[in-house]
Amino acid sequence: MTLQDTKQLTLDTQSLTALNVEVGAGFLTIVGTETDSITVKAEIYQYEAHKNYCLNLAKQGTVAKLTANNCNNSNDQQTRIDLTVSIPKAFTLDITDGSGAIAIENTATTTIHDGSGEIQVRNTAGDLDIEDGSGAIEARNITGNVNIHDGSGSIELLNSEQNVKISDGSGSIYVKNTQGDVSISDGSGGITVDKAASFTLLSDGSGSVTVNNVPKQNL
């Protein structure tokens, strides 16, 4: 696919508190800033240019909804849409993503449902909830609780202030500098927890377990 078109979407955020995102293939970048509007840059990639895709940003009560996908078109009219989004940093986020990398920064409570692709989240002022099929996950500087359910791929969590719960099929897990309790269920892959209030290993299939600077441990 090649770049066929670039579109700009803008929505005033007066009376809005959240953004819901439903996207298919393509990367998704969302950054919270000191702004009173939502702005979207959408880059449209196709084999040949056509208009048979869905791209929309609209208000639904107190929530803004961004949709970008193929609209169930046939294989010969596929579209990949790469999105770069700016939102007010106090907005909560609820993301449903098909495939492609996700990068989130400076937002409030964030929920991500992802099929595949790398996920990077930084500076979340609230809870972080991730349900992921496959792909590496990296999260840093999370003020709320962290809940990650992952099929496969490495998980790295640095600097979180509340409790952490991770359920992982396969891939390494690295958790460092957590002020709350950490509990992990793991299928395979090494586990490292460094500095937490407590650590509980709920289940472990295979792989090493290393725990440092944790006063309460239940292995």
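Only heavy atoms go into these numbers, but all of them, side chains included; no hydrogens, no water, no symmetry mates. Predicted model only: the values in this text are computed from it and were never measured.
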Peer 1: Treating Asp181 as the side-chain partner and Asn163 as the backbone partner, does any N or O pair qualify as donor plus acceptor under 3.5 Å?
Peer 2: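 No, the answer is negative, given that no donor and acceptor are paired below the 3.5 Å cut-off.
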
Peer 1: In sequence, state the C-alpha distance, the side-chain angles, and the governing distance for Thr210 and Ile191, and then conclude on side-chain contact (heavy atoms from CB on, under 4.5 Å).
Peer 2: CA-CA 6 Å; Thr210 303; Ile191 298 171; over 6 Å; no

Peer 1: Donor-acceptor pair, distance only, cut-off 3.5 Å: does the side chain of Thr200 make one with the backbone of Leu202?
Peer 2: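 Side chain of Thr200 to backbone of Leu202: no pair is present.
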
Peer 1: Linking Ile, Leu, Val, Met, Phe, Trp and Tyr by side-chain heavy atoms under 4.5 Å, what else ends up with Val31?
Peer 2: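 Once heavy-atom contacts under 4.5 Å are chained together, Val31 still belongs with nothing else.
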
Peer 1: Specify the closest pair of heavy atoms between Gly26 and Asp97, including all atoms of both residues, with the distance to one decimal.
Peer 2: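 Between these two residues, the closest heavy atoms are O-OD1, 4.4 Å.
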
Peer 1: What closest approach, in Å, do Thr178 and Ser160 show between heavy atoms, and which atom pair accounts for it?
Peer 2: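 Distance-wise, the nearest heavy atoms are OG1-OG, 2.9 Å.
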
Peer 1: Identify, with sequence neighbours excluded, every residue that meets side-chain contact (heavy atoms from CB on, under 4.5 Å) alongside Gln4.
Peer 2: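 side-chain contact (heavy atoms from CB on, under 4.5 Å) list for Gln4, sorted by chain: Thr2, Gln46, Ala49.
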
Peer 1: Can you name the closest pair of heavy atoms from Leu83 and Ala68 and give their distance?
Peer 2: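 Leu83 and Ala68 have their closest heavy atoms at CD1-CB, 3.8 Å.
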
Peer 1: Using the side chain to side chain contact (heavy atoms under 4.5 Å, CB included) definition, which of the options Val175, Asn218, Ile184 pairs with Phe199?
Peer 2: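 In the set Val175, Asn218, Ile184, the residue that makes a side chain to side chain contact (heavy atoms under 4.5 Å, CB included) with Phe199 is Ile184.
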
Peer 1: Please report the interatomic distance CD1(Ile166) to CG(Asn147), rounded to the nearest 0.5 Å.
Peer 2: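 Result: 9.0 Å between the selected atoms.
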
Peer 1: For a quick test of reading the model, state the closest non-hydrogen atom pair linking Leu16 to Asp12 and the distance between them.
Peer 2: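 Taking every non-hydrogen atom into account, CD1-O, 3.6 Å.
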
Peer 1: Side-chain contact, heavy-atom cut-off 4.5 Å: Leu158 with Asn177?
Peer 2: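 Counting from C-beta outward, Leu158 and Asn177 never come under 4.5 Å.
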
Peer 1: So, does Thr13 use its side chain to make a donor-acceptor pair with the main chain of Asp36 at under 3.5 Å?
Peer 2: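 A pair under 3.5 Å: yes.
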
Peer 1: Do you reckon Val164 sits in the same ILVMFWY cluster as Tyr174, going by side-chain contacts under 4.5 Å, direct or chained?
Peer 2: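 In one cluster: no.
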
Peer 1: Going by the side chain to side chain contact (heavy atoms under 4.5 Å, CB included) test, name the single residue among Thr109, Asn20, Thr110 that passes it with Leu93.
Peer 2: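 The option that passes is Thr110.
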
Peer 1: Write down the atom of Gly133, the atom of Asp150, and the distance for their closest heavy-atom approach.
Peer 2: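 Heavy atoms of Gly133 and Asp150 come nearest at O-OD1, 4.3 Å.
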
Peer 1: Should Ile112 and Ile148 be counted in the same cluster of Ile, Leu, Val, Met, Phe, Trp and Tyr side chains packed under 4.5 Å apart?
Peer 2: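 Yes; Ile148 is reachable from Ile112 via cluster members.
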
Peer 1: Ignoring hydrogens and angles, state whether a donor on the side chain of Ser152 or Ser134 is under 3.5 Å from an acceptor on the partner side chain.
Peer 2: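 No - no donor-acceptor pair under 3.5 Å links their side chains.
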
Peer 1: Let me check something: any side-chain donor-acceptor pairs from residues 113-129 under 3.5 Å, sequence neighbours excluded? List them with distances.
Peer 2:
from   : atom 1 : to     : atom 2 : distance (Å)
Arg122 : NE     : Glu138 : OE2    : 3.4
Arg122 : NH2    : Glu138 : OE2    : 2.7
Asn123 : OD1    : Asn141 : ND2    : 3.0
Asn123 : ND2    : Asn106 : OD1    : 3.2
Asp127 : OD1    : Asn145 : N      : 2.8

Peer 1: Is the closest side-chain heavy-atom distance between Asp168 and Ile155 below 4.5 Å?
Peer 2: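 With C-beta onward as the side chain, the pair touches.
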
Peer 1: Please give me the minimum heavy-atom distance between Pro215 and Ala197, naming the atom from each residue.
Peer 2: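 Where Pro215 meets Ala197 most closely, the heavy atoms are CG-O, 3.4 Å.
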
Peer 1: Are Ile95 and Val63 joined in one hydrophobic group, where the rule is that I, L, V, M, F, W and Y side chains link up if heavy atoms are under 4.5 Å apart?
Peer 2: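 Result: no, two separate clusters.
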
Peer 1: Could you tell me whether Glu156 and Arg140 make a salt bridge, using a distance below 4.0 angstrom between a side-chain N and a carboxylate O?
Peer 2: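 Result for this pair is yes, salt bridge flagged.
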
Peer 1: Stepwise, does the side-chain contact (heavy atoms from CB on, under 4.5 Å) test hold for Met1 with Gln78?
Peer 2: CA-CA 9 Å; Met1 295 186 186; Gln78 291 186 39; 3.5 Å; yes

